[in-house]
Enquirer: 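Next up is a structure, given as structure tokens.
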Amino acid sequence: MTGKRRISLKVPFITRLEGEGTLELSARGDCIERLHLAIFEPPRLFEKFLEGRDYREVPDLNARICGICPMAYQLTSIQAMERLFGINLPAPLVRLRKLMNLGEWVQSHALHIHFLAAPDFLGFDHALAMAKQHPEVLRRGMQLQEAGNALMALLGGRSVHPVGLQVGGFGRLPDAERWDSVRQRVEQALPAAGELVRWTAGLALPDYSHDFIWVSLTEPDSYAINGGLITSSKGLSLSHDEYAGHFAEHQEPHSTALYSLLDGKDYLVGPLARMNNSFSQLPDEVKTLARECGLDFPSRNMFTSIQARALEIYWALFEARRLLAMGCPSGEACLPVTPRAGECCFCTEAPRGLIYHHYRLDEQGRVLSCTIIPPTSQNQARIEQDLKTSVPRFGLGRSDRELKLFCERLIRNYDPCISCSTHFLQFRMQRR
């Protein structure tokens, strides 16, 4: 055979992922000619399900989009409609919603780090095999996840598909006894969160740093989670209403999932994007821990996303402790709501990154149309570009198993959905 060796790689099925997909790679020598991460998500029709529904039904329906971050979908839709209806929540109710945000981040990040990502760094195929030699890792993960679940259930009634949120506030306020119980659980989990930050700082992380755009919400005086300006690493600063003027979804022939681009370019959302934009807004105690551990942001190495997640867990529990120390609020749980016709939109930060909702309502508050853009759609083009950049640096001449494991680890940095697992790639490679 003359010329450069040709490599053809086909991963026929990506298992335990939200939807179905394949990974196809063709290369000649050290040059990738084609790389497609094709995510085949069946049409779940949530946006169509919502058409004709009363605004009061929207939060509970949206919660069914995701079993791990249901509240992000609820709160994004709720706050979009509250903007349209002219509702401004009092500070105590705003703090209560933030507690639920924080809890969702903690439970989602803890699950990803300890059950999905940790085996990659400790050399195991899956979490159960890892638990035999490192039971303390999973115990810590379960303690942190339980603390996050407790925060969500405090006001949501349950941690999976919570039911307490509604336009105008909450269905009810928590009682003082339960409030104190959750406060104690958060207090007890903080040392474990600090240890997690130190543990991730000690991991031997690969470094495939390269330049890319990152996007997150930012606020001038706090680490943004439930509002703020849409901010990119290239200096873009947008209101929620300006989102549609710069971010656009499109269809690629090889995938049934939509791709989202920022002014025509791929971009990153999620913990690393947030930490890159807002590390300076963390409390001094959290920044001190990070610096003591040698963590530094911004980072252009996606493998440091595990450290960003760990630091966000510590901050979330630190902030939750501060809010819980203010005492259990009393008074009205929900403000009066008068629906009106019009268009509305909002962005929040789900655990995996920026989430955008847009609604058009009639005068009774019924949904005429809506658009929901989750973090996974926004990260898909970035994942593909990361593979195209990093796989040649890793080495296309490596064995099939080595390439398979590298692609798995790289994709898992983005935590594209909770169903991702340590053996989600069935790998096949043909070399010619």
Enquirer: Counting only N and O atoms by type, is there a donor-acceptor contact under 3.5 Å from the side chain of Arg352 to the main-chain atoms of Asp415?
Expert: yes
Enquirer: Of Tyr259, Phe212, Phe247, which meets ring pair (Phe, Tyr, Trp, His ring centres under 6.0 Å) against Tyr267?
Expert: Phe247
Enquirer: Go through it in stages, so that I can follow the logic: the residues are Thr231 and Asn277, the test is side-chain hydrogen bond (donor to acceptor under 3.5 Å, both in side chains), and I'd like the CA-CA distance, side-chain angles, deciding distance and then a yes or no.
Expert: CA-CA 8 Å; Thr231 304; Asn277 271 340; 5.4 Å; no
Enquirer: Can any side-chain N or O of Asn149 pair as donor or acceptor with the backbone N or O of Gln107 at less than 3.5 Å?
Expert: no
Enquirer: State the CG-CG distance between Leu217 and Asn226, to the nearest 0.5 angstrom.
Expert: 9.0 Å
Enquirer: When you measure from the side chain of Trp214 to the backbone N and O of Met275, does any donor-acceptor pair fall under 3.5 Å?
Expert: no
Enquirer: What class does the angle between the rings of Tyr223 and Trp315 fall in, given that below 30° is parallel, 30 to 60° is tilted and above 60° is perpendicular?
Expert: tilted
Enquirer: Can you confirm whether the side chains of Tyr359 and His357 place a donor and an acceptor under 3.5 Å from each other?
Expert: yes
Enquirer: A side-chain contact here means heavy atoms from C-beta on lying under 4.5 Å apart; do Ile306 and Asp120 qualify?
Expert: no
Enquirer: Give a yes or no on whether a salt bridge exists between Arg309 and Glu312, defined as a side-chain N under 4.0 angstrom from a carboxylate O.
Expert: no
Enquirer: Might you point out which heavy atoms bring Ala27 and Ile32 nearest each other, and give the distance in Å?
Expert: CB-CA, 4.0 Å
Enquirer: Please confirm whether the backbone N or O of Ser280 pairs with a side-chain atom of Lys287, one donor and one acceptor, at under 3.5 Å?
Expert: yes
Enquirer: With a 3.5 Å distance limit and no angle check, can you tell me whether Glu82 reaches the backbone of Asn88 through a side-chain donor-acceptor pair?
Expert: no
Enquirer: Quick check on Lys388: does its NZ atom have over 12 non-hydrogen neighbours (other residues, nucleotides or ligands) under 6.0 Å away?
Expert: yes
Enquirer: Give me the ring orientation class for Phe394 and Phe406: parallel if the planes are under 30° apart, tilted from 30 to 60°, perpendicular past 60°.
Expert: parallel
Enquirer: Less than 4.5 Å apart, any side-chain heavy atom of Leu25 and any of Leu403?
Expert: no
Enquirer: Show your reasoning for whether side chain to side chain contact (heavy atoms under 4.5 Å, CB included) applies to Cys345 and Tyr243.
Expert: CA-CA 9 Å; Cys345 63; Tyr243 181 96; over 6 Å; no
Enquirer: Could you check if a side-chain atom of Arg97 sits within less than 4.5 angstrom of a side-chain atom of Ile78, using non-hydrogen atoms only?
Expert: yes
Enquirer: Under a 3.5 Å cutoff, is there a donor and acceptor pairing between the side chains of Ser239 and Glu242?
Expert: yes
Enquirer: As a test of understanding, state which of Arg140, Gln145, Gln143, His109 forms a side-chain hydrogen bond (donor to acceptor under 3.5 Å, both in side chains) with His114.
Expert: Arg140
Enquirer: Enter the distance from Leu268:CG to Asn379:CG here, rounded to the nearest 0.5 Å.
Expert: 5.0 Å
Enquirer: Salt bridge check, Asp211 against Lys234: does any charged N sit closer than 4.0 Å to a carboxylate O?
Expert: yes
Enquirer: Taking atom types as modelled and ignoring hydrogens, do the side chains of Tyr414 and Thr376 form a donor-acceptor contact shorter than 3.5 angstrom?
Expert: no
Enquirer: Taking Gln307 for the side chain and Leu295 for the main chain, is one N or O donor matched with an acceptor at less than 3.5 Å?
Expert: no
Enquirer: Could you tell me whether the side chain of Glu408 reaches within less than 4.5 Å of the side chain of Leu405, counting heavy atoms only?
Expert: yes
Enquirer: Could you go through the side chain to side chain contact (heavy atoms under 4.5 Å, CB included) check for Leu368 and Glu51 one step at a time?
Expert: CA-CA 5 Å; Leu368 298 175; Glu51 290 183 9; over 6 Å; no
Enquirer: Which heavy-atom pair separates Phe346 from Gly227 by the least distance, and what is that distance?
Expert: CZ-CA, 4.3 Å
Enquirer: May I ask you to decide if Glu402's main-chain N or O and Ser399's side chain share a donor-acceptor pair within less than 3.5 Å?
Expert: yes
Enquirer: State whether Phe297 and Arg274 meet the cation-pi test: NZ (Lys) or CZ (Arg) under 6.0 Å from the six-membered ring centroid, and within 45° of the perpendicular axis.
Expert: no
Enquirer: For the side-chain contact (heavy atoms from CB on, under 4.5 Å) test, which of Asn62, Asp54, Asp60, Leu61 pairs with Val58?
Expert: Asn62
Enquirer: Ignoring hydrogens, what is the shortest heavy-atom contact between Val197 and Cys293? Give both atom names and the distance.
Expert: CG1-SG, 4.1 Å
Enquirer: Quick one: are Glu285 and Leu289 in side-chain contact, heavy atoms under 4.5 Å?
Expert: no
Enquirer: Atom CD1 of Ile113 and atom CG of Leu144: how far apart are they, to the nearest 0.5 Å?
Expert: 8.5 Å
Enquirer: For the pair Arg139 and Glu136, find out whether any cationic side-chain nitrogen is under 4.0 Å from an anionic carboxylate oxygen.
Expert: no
Enquirer: If I compare all heavy atoms of Ala80 with all of Cys344, which pair ends up nearest, and what's the gap?
Expert: O-CB, 3.2 Å
Enquirer: Can you tell me how far CG of Leu151 sits from CD of Glu146, rounded to the nearest 0.5 angstrom?
Expert: 12.5 Å
Enquirer: Apply side chain to side chain contact (heavy atoms under 4.5 Å, CB included) to Leu190 and Tyr314, showing your working.
Expert: CA-CA 7 Å; Leu190 257 174; Tyr314 185 77; 3.7 Å; yes
Enquirer: Are Glu47 and Cys370 packed together at the side-chain level, in the sense that at least one heavy-atom pair is separated by less than 4.5 angstrom?
Expert: yes
Enquirer: Between SG of Cys407 and CG of Leu35, what distance do you get to the nearest 0.5 Å?
Expert: 7.5 Å
Enquirer: Under the 3.5 angstrom rule, does the side chain of Ser77 hit a backbone N or O of Gln74 as a donor-acceptor pair?
Expert: yes
Enquirer: So which atom in His126 and which in Pro119 form the shortest heavy-atom distance, rounded to 0.1 Å?
Expert: C-CG, 3.8 Å
Enquirer: Asn276 and Pro298: which non-hydrogen atoms are nearest, and at how many Å?
Expert: OD1-CA, 3.0 Å
Enquirer: Is there side-chain contact between Leu361 and Phe85, with at least one heavy-atom pair below 4.5 Å?
Expert: yes
Enquirer: About how many Å separate CD1 of Ile230 and NE2 of His240, when rounded to the nearest 0.5 Å?
Expert: 6.5 Å
Enquirer: Assess, by modelled atom type and distance only, whether the side chains of Ser278 and Thr218 contain a donor and an acceptor separated by less than 3.5 Å.
Expert: no
Enquirer: Check for a donor-acceptor pair, side chain of Ser390 on one end and backbone N or O of Asp386 on the other, with a separation under 3.5 Å.
Expert: yes
Enquirer: Do Val186 and Val106 have side chains that approach each other closer than 4.5 Å (heavy atoms only, starting at C-beta)?
Expert: no
Enquirer: Classify the side-chain pair Tyr356/Gln378 by whether it contains a donor and acceptor separated by less than 3.5 Å.
Expert: no
Enquirer: Any chance you could lay out the side chain to side chain contact (heavy atoms under 4.5 Å, CB included) test for Leu236 and Ile213, step after step, and finish with the verdict?
Expert: CA-CA 11 Å; Leu236 203 63; Ile213 299 169; over 6 Å; no
Enquirer: Any donor-acceptor pair under 3.5 Å linking the side chain of Arg198 with the backbone of Gly194?
Expert: yes
Enquirer: Would you please say whether a donor-acceptor pair under 3.5 Å links the side chains of Asp207 and Ser209?
Expert: yes
